[in-house]
Protein chains: 2
Amino acid sequence: MTRSLGRIPAPPPTLADVAERAGVSRQTVSNAVNNPDLLRTDTLARVQEAIEELGYSPNRAARNLRTRASHLIGMRINPAQEGTANATMDRFVHSLVETSGEAGYHVLLFAGSHLDPLDGYDDLLRSTAVDAFVVTDTYLGNPQAAWLELRRAPFVAFGRPWDNPDATHPWVDVDGAAGADLATTHLLDRGHQRIAWIGWRKDSRIGEDRRSGWSRALRSRDLPTTGLASRVEDTVASGREASAVLLDEARPSAFVCASDTLAMGVLHTLAERGLAPGRDIAVVGFDDSQVAQVVPPGLTSVRQPLEDVAVEIVKALEGLLGHPHRTSEGVLLTPTLAVRGSS
Amino acid sequence: MTRSLGRIPAPPPTLADVAERAGVSRQTVSNAVNNPDLLRTDTLARVQEAIEELGYSPNRAARNLRTRASHLIGMRINPAQEGTANATMDRFVHSLVETSGEAGYHVLLFAGSHLDPLDGYDDLLRSTAVDAFVVTDTYLGNPQAAWLELRRAPFVAFGRPWDNPDATHPWVDVDGAAGADLATTHLLDRGHQRIAWIGWRKDSRIGEDRRSGWSRALRSRDLPTTGLASRVEDTVASGREASAVLLDEARPSAFVCASDTLAMGVLHTLAERGLAPGRDIAVVGFDDSQVAQVVPPGLTSVRQPLEDVAVEIVKALEGLLGHPHRTSEGVLLTPTLAVRGSS
DNA sequence: TGATCCCTTTGGAACGTTCCAGTCCTGCGG
DNA sequence: CCGCAGGACTGGAACGTTCCAAAGGGATCA
């Protein structure tokens, strides 16, 4: 093996190199890559052979400069926080990377200041570093979406524009109410009558949406909801406290929670009281995190179809980048239930 | 608010626009951005004002083309798999994004075929889409590292080059043996004498490294290890079975596991037998995943300093990209122990 | 035979930046 | 008074691609 020490690696071949080798012009090589059907078949074969031999791949920077497109999708990830919320986003990022990769796009991740929800977007946008954004966490009052819309920047939101009925951007979301309904109905079918809800504070749109699925399911069987609901912070400690109070005061036989984090809190309370989840008290969580999958005896949980979300988002992005002024409808997907030992 | 419907958004301002507005040449604006100390202070101020007014940001594609650098770091993420292994990588990605962002780099994620560990690298490299790679999962026999090294592509590995003592690339890793030692010593200090190990199959270098920390700690106190170790797949089910067998045959009072996944398996066994983790049997996991943090009563776990790993990796990258032919040493970091209810 | 059309291929220009080799100007020493 | 050095700024060229207008060469038709 020859390994010339310290030698500067040869620069990658360019269009011109391929053209010379194949005995055609630059433009013909470019066409061979981008519009193969413009070439005569024998010319195409000759060019492709030269491309193969030289290991040619179009220089991205040059292509980006000329076409004013980067084939990059920007997504901001948020500082780590307690609980299982991050895990859902991480799962989504995986799906997004795979799906957009198949569509010829790469995902560029960036971080932003904890304080400024817009930090990072502006620079990437003005320097035309990305073609579009995927915006998450639309529940924060959604300043990114409004800001991006104002700048006419292409983006797709994972999450409904809760606070902005005039929003015209495409979005994809998961039907939280349907998920909670699914979970509650599952418990009803197992014979439970008193099913408690532990959810997030009232100002969380997502939390209220999920909660509505719980109450809808109970009311559809003429069962009461009064005294059976609690709204707290999304932490294990809050879930533990809330479930302890509910057990004492409302005597439920099952819990439906707005997150796996809260459901873990319930499991803490059960463990403290020597109650067995699934046998003595049923528990259902939300998001189907790793935690739900591995905690004994398995936590039944509502699973968001994040793979499908990614597919729909990439579809919307392709539409957006192909037809710049198309107004896209929102897409609402239905979650499923992963049933485990806790119910 | 004026909002001209359907109008094509104005193209972003260029160097020339700024130059005209400030009454200087393109090059002077370029210098104002990249080498401010070359300008007279009054000129600099005038240019900066023009930049501000126009909202100018250098076009990335043009800059990349000219400087042959993209300020992007490529990282391949692997298809989701069972267990908590992914969670660690996700945590690392977060840290990497934040750290590299501070150094002026963005992270480009890409997926590759499940079958071909090299899939994706080649194209990004030849098209000069990224400046460097961060390679993870070096335990697979590490074909990426060897391949990249052969191509003289800049990269830093998260993980030691176990199989290749000749490797000259920079790497950063966490001392797994020290972590397991830490965990075991912690249990010894709490009075445990018979401490079992549940780890991975013998062909896992990482697994054997961690295991060596356990046996080292026991031997340093002249305690036996015979019959106390088990090597299995990294799944909850395997952990459960292994711990059941060990409890019956070796009667340990504590378990140290090579992963939180395996530790959760132990918790399953304990739950089945009515044993309380932490009170009846102590359990320590590895990786400090979400699971460890929220499962009752809290799982003591070895925590990898991933934030520090990211910092060291970015340092190495900067060195690599600044001085192309520097041979960098490896960096080995020491993990910490997150003590919780299970011990 | 010449005009017309279409298919294939071509060369120049442009995308927006930075590199490079200057030019201009001011101040200083001889 | 002249020559020279060095600081501040400039204009052309180049990075590698795609767009665009046009040229070459058959084939078809009058």
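Any value given below was found using the heavy atoms of this structure, including those in side chains, with hydrogens, waters and symmetry copies removed. Reminder, nothing fancy here: chain letters follow the sequence lines and each chain counts from 1.
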Are [X] and [N] close enough that a side-chain N or O sits under 4.0 Å from OP1 or OP2?
X        : N       : value
Ser25(B) : dT10(D) : yes
Asn31(B) : dA8(D)  : no
Asn59(B) : dC15(C) : no
Thr28(B) : dA8(D)  : no
Arg68(A) : dG16(C) : yes
Thr67(A) : dC15(C) : no

Are Lys315(A) and Asp308(A) within salt-bridge range, i.e. N to O under 4.0 Å?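 Salt bridge: no.
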Asp122(B) bridged to Arg151(B) by N-O distance under 4.0 Å: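 Counted as a salt bridge, because a side-chain N and a carboxylate O are separated by less than 4.0 Å.
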If you assign Ala62(B) and Asp42(B) each to the DNA chain D nucleotide with the nearest heavy atom, which residue ends up on the more 5' nucleotide?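 Per heavy-atom nearest nucleotide, the more 5' residue is Asp42(B).
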Both Leu38(B) and Val33(A) contact DNA chain D. Which one's nearest nucleotide lies toward the 5' end?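 Closest to the 5' end, via its nearest nucleotide, is Leu38(B).
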Side chains of [X] and [Y]: does their closest heavy-atom pair fall under 4.5 Å?
X         : Y         : value
Asp123(A) : Arg60(B)  : yes
Leu333(B) : Val172(B) : yes
Val309(B) : Gln304(B) : no
Leu148(A) : His169(A) : no

Can you tell me the distance, in whole Å, between the [atom1] atom of [X] and the [atom2] atom of [N]?
X        : N       : atom1 : atom2 : answer
Asn34(B) : dG16(C) : CG    : C1'   : 13 Å
Ile51(B) : dT17(C) : CD1   : C1'   : 13 Å
Leu65(A) : dC15(D) : CG    : P     : 14 Å
Tyr56(A) : dG16(D) : OH    : P     : 10 Å
Leu15(B) : dA14(D) : CG    : P     : 19 Å
Glu20(B) : dG16(C) : CD    : P     : 14 Å
Asp17(A) : dG16(D) : CG    : P     : 9 Å
Asp37(A) : dT9(C)  : CG    : P     : 12 Å

In terms of side-chain heavy atoms of [X], which of [options] is nearest?
X        : options                   : value
Arg40(B) : dC9(D), dT18(D), dA13(D)  : dC9(D)
Pro58(B) : dT17(C), dG16(D), dT18(D) : dT17(C)
Gln27(B) : dT8(C), dG16(C), dC20(C)  : dC20(C)

Counting only distance, no hydrogens or angles, is the base of [N] paired donor-acceptor with the side chain of [X] under 3.5 Å?
X        : N       : result
Arg26(A) : dG12(C) : yes
Arg63(A) : dT17(D) : no
Arg66(B) : dT17(C) : no

Regarding Asn64(B), tell me which of base, sugar-phosphate or nothing describes its non-hydrogen contacts under 4.0 Å with the strands shown.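 It contacts nothing in the nucleic acid.
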